[in-house]
Amino acid sequence: MGNKTKKLVLIDGNSIAYRAFFALPLLNNDKGIYTNAVYGFTQMLLKILEDEKPTHMLVAFDAGKTTFRHKTFVEYKGGRQKTPPELSEQFPFIRQLLDAFKIKRYELENYEADDIIGTLASQAAEGEWDVKVFTGDKDLLQLVTPDVEVVLTRKGITEVEAYTVEQVNERYGITPEQIIDMKGLMGDPSDNIPGVPGVGEKTAIKLIKQYGSVENVLEAIGEISGAKLKERLSENKEQALMSKDLATITKEAPIDLGIDDTTYEGFETASVFPLFKELGFQSLLDRLGGDEAALPDTEKEELSFQRVSIIEPNMLKNPSSLVIETLTEDYHKADIHGVALSNESGTYYVPYDIAKESETFKNWLQDKDQKKIMFDAKRAHVALKGQGLDLNGIEFDLQLASYLLNPSESLDEIADIAKQYGTLTVDSNEKVYGKGAKKKLPEDDVLAEHLSRKAYTTFTLKDVMAEKLQENEQSNLFYDLELPLSLVLAKMEETGVKVKVDTLKKMGTDLEGQLTTLEKEIHELAGVTFNINSPKQLGEILFEKLSLPAVKKTKTGYSTSVDVLEKLEGKHEIINKILIYRQLGKLRSTYIEGLLKVVHEDTDKIHTRFNQVLAQTGRLSSIDPNLQNIPIRLEAGRKIRHAFVASNPEWKILAADYSQIELRVLAHISQDDNLMEAFQKEMDVHTKTAMDVFHVDEQEVTSEMRRHAKAVNFGIVYGISDYGLSQSLGITRKEAGEFIKTYLESFPGVQQYMKDSITEAKQNGYVSTLLHRRRYLPEINSRNFNLRSFAERTAMNTPIQGTAADIIKKAMVDMDQRLIEEKLEAKMLLTVHDELIFEAPEQEIAKLKKLVCEVMEQAVQLDVPLKVDVSWGDSWFEAK
DNA sequence: TCTCACACGC
DNA sequence: GACGTACGTGTGAGAT
């Protein structure tokens with residue numbers, strides 16, 4: 001092999017598709033079509049094209065249910081499991097894919113892929129050809145010759161093992177031609193080939209090595225040792241011969257194409273990319289350099305729109321879609337670069353300078369009876385507010401709708417939604433504006449068209465999405481919860497939180513001093529100056545220079561995380577100082593410097609942004625800055641909260657948090673008697689858990705028992721694994737596993753709920769919360785243990801955490817309403833998952849306290865009471 | 001500009 | 001029996 005001019009690659013299509021299907025988790029693309037086999041197949045193809053650079057190529061498929069072999073033996077391939085429908089449905093795409101790659105494919109009635117491959121390989125194997133056969137089926141090893149290599153998939157899809165004549169011999173001790181003799185004797189359960197009973201691989205190989213073929217073995221039965229073996233061979237002569245026959249790949253399949261018809265001349269990305277896009281193979285697109293710019297400029301559908309310089313009332317129909325374009329990621333005080341809207345009268349682009357001066361437009365904008373359909377209305381609301389404009393009458397938000405329909409999609413611009421629903425093409429913002437430092441406004445006519453396309457698409461997609469929400473029984477969740485919430489959040493973001501810059505700066509200076517001292521001490525103890533913030537350098541100092549025992553490693557070196565350092569405490573003075581240095585360093589960089597960076601100079605306020613369409617569980621997240629992770633656990637960090645104050649010196653900060661909301665939700669959903677009792681009797685839930693798990697009375701619960709119980713409750717709420725629990729309790733995984741088992745036995749209702757959740761996920765493909773929020777878990781049926789386990793824990797955990805999110809969101813919407821009704825000046829400022837933060841004049845505090853408790857506790861009705869703790873003070877620190 | 005390790009909250 | 005194990009955001013280091 002080697003220097004021959006022609007290289008033929010033959011692929012066993014069915015075998016590779018099966019391999020890919022079972023090697024990869026069940027991926028779907030955005031249309032819900034399974035794509036894992038197609039994906040794996042494509043990876044394999046690309047690898048083959050790259051590694052082999054074939055001049056000729058063909059992919060063979062099995063055709064039909066029966067083959068000529070069934071005439072010999074009707075039970076051939078009997079008892080085989082039916083091809084899973086998830087795989088069958090992918091074959092058409094594999095064919096499409098091959099066509100796009102311009103690779104010949106072939107199938108023939110009554111013959112298997114093997115036979116097509118065997119026939120072509122035999123045509124080729126005469127000196128000038130270099131042939132490679134790719135398959136997952138060891139049977140094909142019989143085709144190996146000095147000119148033909150058979151490449152078997154090993155594990156996964158891209159890991160392969162090539163067999164030459166020598167390697168077959170090395171592995172089996174026989175020649176490739178003798179593979180069929182071996183099969184004749186040992187049979188092949190996967191194809192239901194019987195062989196000789198009692199003869200397995202070992203015996204078969206021994207006999208073939210000795211006698212050369214099945215025929216010779218049968219002739220020599222007399223001299224074979226072992227009475228039982230002798231008997232079996234003579235009783236099954238016919239069957240052995242038939243088995244050999246069945247295992248033999250024909251080299252004379254009546255194919256109507258010759259080897260010269262398989263020439264391969266490469267493929268054009270232009271024909272492959274669209275299919276990759278359709279299938280959602282972003283990583284492969286990237287790998288082939290298939291970013292949007294490289295794509296052929298496909299003809300975009302025409303859209304007629306008007307560029308208007310005067311806004312006429314007849315352009316502002318009810319309803320209309322509305323696009324308010326901002327380019328900066330942070331929309332607080334963002335410039336607006338253009339306005340577009342679309343309705344039954346047409347699609348219009350309005351330069352912002354014109355829009356902002358138009359009374360007609362501004363009146364329409366703030367008219368709550370004029371309905372607007374938008375994408376990310378919160379962004380527009382805040383941006384407009386920054387320009388002194390009011391936006392009301394938001395009837396629909398495509399971004400929120402798409403999040404509710406499937407939170408994992410993360411469709412963050414209209415173009416994504418357009419792509420998903422296959423409407424009018426909208427270019428991605430990145431394509432139109434560029435990214436990073438190069439991001440800029442395009443020519444005016446490009447902007448006009450881009451925004452018009454967005455507006456038109458938004459208008460047309462509203463009904464489609466609304467209908468889907470209806471189908472999913474998510475209309476209430478959308479119209480009564482998320483949509484109103486987005487405007488509540490907009491208000492909170494606009495309001496912002498006042499911080500005392502001086503307090504932060506003072507703390508910063510203090511930290512600075514302590515850090516300098518610590519740094520000096522650490523360097524002295526180490527005997528060398530180094531960067532303590534560099535895990536790499538720190539690891540070298542601790543584990544090499546100071547020879548402390550390294551307990552854990554990371555991909556890149558020694559781990560120096562807290563749990564590692566804590567184990568080393570007492571072994572060296574330096575450890576404790578490093579721990580304190582880390583703690584204080586974190587405070588300085590993230591919380592002092594980080595927060596100071598985002599304080600608005602003129603107002604001393606911080607305006608975060610809540611992301612309403614990100615967390616898979618339905619929770620909110622907070623960025624720029626993240627105000628949901630301000631320190632509280634350790635005193636040093638907690639002091640940061642002194643800097644968060646009310647915007648008016650006369651006002652106070654009030655914080656209200658749900659007590660054990662997740663466990664209360666769990667009690668309600670699972671209807672577990674023990675757990676419900678804990679809350680109905682207002683017991684300490686961790687103590688109650690310890691009582692039930694350890695079978696002791698309340699007085700007998702030790703702090704150790706309570707700590708364990710608390711960790712398990714924590715695990716239940718966050719869906720951690722036995723491993724996670726073992727880590728948090730410092731026990732072994734096995735102990736943790738048993739502990740979880742005991743817990744579940746003590747709370748049979750919870751155990752039943754866990755089981756039901758998994759079943760539900762398997763049946764529906766998703767789990768849901770009290771208010772019908774969904775999370776799809778396609779990996780729940782994965783054959784990959786990790787993926788499946790993760791999906792199972794998610795199935796158990798998401799309804800709990802998601803329902804808790806539903807509840808606090810409902811409380812926020814209600815609270816916003818009640819503050820208006822009760823004519824309170826108090827303002828809602830922040831939400832931290834199970835907590836709401838307000839600012840209010842001191843004289844309102846009593847009323848607010850009562851109101852917040854009432855609203856939060858009554859947000860939904862569960863079979864256990866919801867409990868809220870409220871506290872208030874001059875700062876967030878005092879409100880604890 | 002990206003990835004990694006780490007650390008903060010719930 | 002191994003797999004790598006709640007979610008989110010932000011930081012500095014170090015490689016590109």
Side-chain angles (χ1 to χ4, degrees), chain A residues 25 155 407-408 435-438 530-539 552-565 578-579 581-595 597-598 608-611 614-634 636-638 640-641 657-658 660-663 711 713-728 733-734 736-737 775 779 782-798 800-802 804-805 808 830-835 876:
Chain A
K155 69 176 200 211
S408 70
K435 70 166 176 179
K438 283 177 282 187
F530 67 103
N531 187 342
I532 307 167
N533 282 323
S534 160
K536 188 166 174 277
Q537 294 181 32
L538 181 61
K552 206 166 80 179
K553 287 214 145 204
T554 64
K555 270 183 276 185
T556 47
Y558 305 107
S559 170
T560 64
S561 58
V562 229
D563 51 314
V564 172
L565 294 183
I578 290 167
L579 283 168
Y581 184 89
R582 277 259 176 87
Q583 196 198 332
L584 300 184
K586 172 84 180 174
L587 292 179
R588 174 178 61 173
S589 62
T590 304
Y591 296 106
I592 302 294
E593 288 172 3
L595 288 175
K597 253 183 257 173
V598 291
T608 184
R609 278 150 36 230
F610 291 105
N611 197 333
L614 187 136
Q616 299 301 302
T617 51
R619 277 184 170 185
L620 297 165
S621 72
S622 154
I623 53 167
D624 254 4
N626 181 354
L627 291 182
Q628 295 186 324
N629 69 345
I630 302 300
I632 188 161
R633 306 201 122 86
L634 299 168
R638 190 173 199 153
I640 301 276
R641 295 180 174 229
D657 67 293
Y658 279 113
Q660 302 295 355
I661 187 167
E662 279 99 350
L663 291 175
N713 282 332
F714 178 85
I716 300 282
V717 167
Y718 291 119
I720 61 171
S721 57
D722 51 358
Y723 175 84
L725 181 66
S726 73
Q727 290 298 299
S728 68
R733 218 187 89 185
K734 196 158 166 254
R775 181 170 184 180
E779 284 161 351
S782 171
R783 281 158 302 276
N784 178 318
F785 176 85
N786 281 325
L787 296 175
R788 191 178 62 247
S789 305
F790 181 59
E792 286 174 357
R793 293 203 302 274
T794 311
M796 301 185 271
N797 157 255
T798 296
I800 305 172
Q801 215 184 97
I808 193 156
L830 295 174
T831 165
V832 190
H833 306 310
D834 62 357
E835 184 183 9
W876 197 2

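Since the model is a prediction, treat every value here as computed from it, not as a measurement. All chains are named by letter (A, B, ...) in the order of the sequence lines, taking the proteins before the strands, and each is independently numbered beginning at 1. Computation of the quantities below employed the complete heavy-atom set of this structure, encompassing side-chain atoms and omitting hydrogens, waters and symmetry-equivalent molecules.
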Quiz item: Which atom pair, heavy atoms only, marks the closest approach of A:N531 to A:Q537?
Solution: N-OE1, 2.8 Å

Quiz item: When the C1' atoms of C:dC3 and B:dC6 are considered, how many whole Å apart are they?
Solution: 24 Å

Quiz item: Going by distance alone, is a donor N or O of one side chain under 3.5 Å from an acceptor N or O of the other, for A:S561 and A:D563?
Solution: yes

Quiz item: When all nucleic acid strands are considered with a 4.0 Å heavy-atom cut-off, which category describes A:D722: base, sugar-phosphate, or nothing?
Solution: nothing

Practice problem: Look at all strands and tell whether A:S789 reaches a base, only sugar-phosphate, or nothing, counting heavy atoms closer than 4.0 Å. | Solution: nothing

Quiz item: Base, backbone or nothing for each nucleotide of nucleotides 4-10 of chain B, written B, S, -, heavy atoms under 4.0 angstrom, 5' to 3'?
Solution: SSSBBSB

Quiz item: If only atom types and distance count, is the side chain of A:R641 paired as donor or acceptor with the main-chain N or O of A:P631 below 3.5 Å?
Solution: yes

Quiz item: When the distance from CZ of A:R733 to P of C:dT5 is rounded to whole Å, what number comes out?
Solution: 13 Å

Quiz item: In whole angstroms, how far is the P atom of C:dT5 from the CG atom of A:L725?
Solution: 17 Å

Quiz item: Where the side chain of A:F790 is concerned, which of C:dT11, C:dA6, C:dG4 is the nearest nucleotide?
Solution: C:dA6

Quiz item: Rounded to the Å, how far apart are A:K597 NZ and C:dT9 C1'?
Solution: 14 Å

Self-check item: Sugar-phosphate, base or nothing in reach of A:G594, heavy atoms under 4.0 Å
Solution: sugar-phosphate

Quiz prompt | Span that lies between the P atom of C:dT5 and that of B:dG9, in whole angstrom | solution = 22 Å

Quiz item: Looking only at heavy atoms, what is the nearest atom pair of A:Y591 and A:N629, with distance?
Solution: OH-O, 2.5 Å

Quiz item: Donor-acceptor pair under 3.5 Å: do we get one between A:S721's side chain and the base of C:dT5?
Solution: yes

Quiz item: Rounded to the nearest 0.5 Å, what separation is found between the CD1 atom of A:I800 and the CD1 atom of A:I661?
Solution: 12.0 Å

Self-check item: Contact summary for A:Q628 and A:L620, nearest pair of heavy atoms
Solution: OE1-O, 3.3 Å

Quiz item: So what's C:dC3 paired with, Watson-Crick or G-U wobble, going by both distances under 3.5 Å?
Solution: none

Quiz item: So, for A:N797 and A:I716, which heavy atoms are closest and what is the spacing to 0.1 Å?
Solution: ND2-O, 4.2 Å

Quiz prompt | Separation of C:dT5 P from A:R793 CZ (nearest whole Å) | solution = 9 Å

Quiz item: Under 6.0 Å from the six-membered ring centre of A:Y558 and within 45° of its axis: does the NZ or CZ of A:K553 meet both?
Solution: yes

Exercise. Examine the base of C:dG12 for any acceptor or donor lying under 3.5 Å from a partner atom in the side chain of A:R588, and report the outcome as yes or no.
Key: no

Quiz item: On a whole-Å scale, what distance lies between the C1' atoms belonging to B:dC8 and C:dA6?
Solution: 15 Å

Exercise. Quick one: label A:Q727 by what it contacts on the DNA or RNA (base, sugar-phosphate, nothing), any heavy atom closer than 4.0 Å.
Key: nothing

Quiz item: Got a donor-acceptor contact below 3.5 angstrom from the A:E662 side chain to the A:Q660 backbone?
Solution: no

Practice problem: Round to a whole Å and report the spacing from CD1 of A:I623 to P of C:dT11. | Solution: 12 Å

Quiz prompt | Whole-Å gap separating P (C:dC7) and CD1 (A:I808) | solution = 20 Å

Quiz item: Can you tell me how far P in C:dG4 sits from the matching atom in B:dC4, rounded to whole Å?
Solution: 15 Å

Self-check item: A:L830 CG - C:dG8 P separation (whole Å)
Solution: 20 Å

Quiz item: What stems, by residue range, does DNA chain B take part in, given at least 3 consecutive Watson-Crick or G-U pairs under 3.5 Å?
Solution: B:1-9 with C:7-15

Quiz item: Rounded to the nearest 0.5 Å, how far apart are NE2 of A:H833 and CD1 of A:I808?
Solution: 9.5 Å

Quiz item: Rounded to the Å, how far apart are A:I640 CD1 and C:dG10 P?
Solution: 16 Å

Exercise. Choose from C:dG10, B:dT1, C:dG8 the nucleotide whose nearest atom is closest to any side-chain atom of A:A437.
Key: B:dT1

Quiz item: Does A:D722 offer a backbone N or O that forms a donor-acceptor pair with the side chain of A:R733 under 3.5 Å?
Solution: no

Quiz item: Is the shortest side-chain N/O distance from A:Q537 to OP1 or OP2 of C:dG14 below 4.0 Å?
Solution: yes

Exercise. Just call it for A:N531: base, sugar-phosphate, or nothing, with non-hydrogen atoms closer than 4.0 Å on any strand.
Key: sugar-phosphate

